[in-house]
Engineer: 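Handing you a structure now.
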Amino acid sequence: MKTLYWLAKREFWEHRGGFFWAPIITGGIFLLMTVLTITALEVFGLHNNVFHTGDWDFSNHVDTGATKDFGKFLDYMMCSSVVAIVGIMAIVIFFYCLGSLYDDRKDKSILFWQSLPIANWKTVTSKVASAIFIAPAIAAVLGAITGIALVLIAACVASFHGLSISAGLADAHPVRLVTNIIGLIPLYALCALPTIGWLMLCSAWARSKPFLWAFIIPLATTFAVWWLHLLGMPGLDAQWFFSHITARVLFAVTPGNWTPFVDPIHTGSQGDEMFQHLDLLRNYSALASGEMWLGAATGVAMLAGATWLRRWRDDS
Amino acid sequence: MNAVVTAKDVSKRYKNTLALDNVSFQIPAGRIVGLIGPNGAGKTTALKAVLGLTDFQGQLNVLGLDPRTQRDRLMEEVCFIADVAVLPRWIRVSEAIDFVANIHPRFNRAKCESFLARTKLTPGQRVRQMSKGMIVQLHLALVMAIDAKLLVLDEPTLGLDILYRKQFYQNLLEDYFDENKTIIVTTHQVEEIEHILTDLMFIRDGRIVLNTDMDAMGERFAEVMVSADMAATARQLKPLDERQVFGKSIFLFDGVDQAQLKALGEIRRPSVSDLFVATMKGTYA
């Protein structure tokens, strides 16, 4: 356990830029853009005397409906910042996996890591954990912090126009949003396994250019399936192959990777559309999908292959 | 028998070349063995087999363990520096120490820090900001702080300037080596390590062509400086090698009686590099 902890820490040291600074910078840009937009609108409003007409003073017609809408707006705002940051994280995770078992072979530093008493399965496990738990958790937390900052800015601005901060915030659901997003990470991890496994297998196997191999093999296979189908081979469906195999193997690190497996008859418990989409019970109905488990098992098998290659790949 | 490494009929074939050809040898504890051979002779392959980094045929026993199947346990007792400057470029000195200290059960942090205190390295420095010589200093400090039974060094000083090279071997000898430790080292700079070696192994085309300790080597091989008039007599004794210096001939003999050689001229113990050149004659031809 101690070894795994330090291995994970090692991954964080090495990828501090992607795991930590990338979400912070994305969040910072998000906040900056919001502030700039609001400032521009305020200045525009001031110049054109919009605010004096009373149209933009909400205090006259504040009713529960308006604060509800405002709360909803804040929820959406928070959610969008989390989505943006988690989306950036997906790109980071993709390239992290591709390099995870390749970069140290390329710069020969593997010779240093292998001089230490660390089992290969622990090395691979620490890298997988970094990709599917640590990086998403950091992104979710930083995304939530950005979201809350956004909401506070929006609420402050609204209060200048007569909407009370407390009313708006009372109708927003930051805690529920954050718990739902954090609660979805294990499901994300499970559904990301096929891509993680494939990328790390390529990373452990390729002598050079793991990126090209990772793309060319599934795409060429898809093309071959399509071509054989054209020739009249029965039982082949390139479109099915692409969405169920190729896309699972290449793009399952994107947020919401579990949605294809969600049982459509499950609707969220209550609340608006956004919370229905984030509803844990609804999303975790994906666990009933056999295809999801098959994908996860394939991912684990590919990770086992990567571990074996890590041990026996002889580069000289 | 307290052999640290026992190899029996070890072979390793790459696609079209035989890197190790039925190699058998034993290395007892408390020795410093120089594994010396031309490029492509199989030195690195032999070391990789010992370290469990490559598969092979035959039997190999390192500290009672099989490097193929028990590598993780083996690495607690064995340490190695393979190639120069292989430390990851992103790591900081303090991170490297923290990591090894928490991963390696036999690492002594205080020792490592005292080695580093003698260098210009600072805790916040990253490997990518260091010169090659400084990277090796850091690597050596990490390795010497590990109380390993076997240390394997594969060309550890290649490309370093002479100050770093001298210091490297001096540190190793003064602060690390003792009778419980064994060191296997390969290098092309034979002259620099010759005085620290206790054993010598020459490898050529995947075979061990010479395996001797330094004392036995002095008894077996002799270099004689012979004046021109005695040269013909000397040649009859089938020297390994002959070269001319200042109008005299220097002959290198293998296993010829020392009393017989005394009559020819002044006897010296040959240097490892002269012996190496004589043994490897025709390697690249």
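Residue numbering restarts at 1 for every chain, and letters A, B, ... go by the order of the sequence lines.
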Engineer: Between I81(B) and chain A, which part of the residue has a heavy atom less than 4.5 Å away: side chain, backbone, both or neither?
Structural biologist: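 Interface part for I81(B): neither.
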
Engineer: What I'd like to find out is whether the side chain of P117(A) reaches to under 4.5 Å of the side chain of H104(B), using heavy atoms alone.
Structural biologist: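 Yes; the side chains approach each other to less than 4.5 Å.
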
Engineer: Atom CG of D72(B) and atom NZ of K122(A): how far apart are they, to the nearest 0.5 Å?
Structural biologist: 8.0 Å

Engineer: Apply salt bridge (charged side-chain N to carboxylate O under 4.0 Å, His left out) to K108(A) and D83(B), showing your working.
Structural biologist: CA-CA 9 Å; K108(A) 283 189 170 181; D83(B) 219 324; 2.5 Å; yes

Engineer: What distance separates W312(A) CH2 from R68(B) CZ, expressed to the nearest 0.5 Å?
Structural biologist: 7.5 Å

Engineer: Can you tell me which portion of V152(B) sits under 4.5 Å from chain A's heavy atoms? Options are side chain, backbone, both or neither.
Structural biologist: neither

Engineer: If you round to the nearest 0.5 Å, how far is OG of S115(A) from CD1 of I146(B)?
Structural biologist: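 So the gap between those two atoms works out to 6.5 Å.
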
Engineer: Given the options D98(B), L142(B), V78(B), V127(B), which has more heavy-atom pairs under 4.5 Å with chain A than any of the others?
Structural biologist: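 Highest number of pairs under 4.5 Å: D98(B).
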
Engineer: Select one option (side chain, backbone, both, neither) describing which atoms of W13(A) are under 4.5 Å from chain B's heavy atoms.
Structural biologist: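 Both parts, backbone and side chain.
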
Engineer: Step by step, work out the side chain to side chain contact (heavy atoms under 4.5 Å, CB included) result for F112(A) and V100(B).
Structural biologist: CA-CA 11 Å; F112(A) 172 65; V100(B) 180; 4.0 Å; yes

Engineer: Any idea which of G52(B), P105(B), C79(B) has the most non-hydrogen atom pairs under 4.5 angstrom with chain A?
Structural biologist: G52(B)

Engineer: Is it the backbone or the side chain of I91(B) that comes under 4.5 Å from a heavy atom of chain A, or both, or neither?
Structural biologist: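 Side chain only.
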
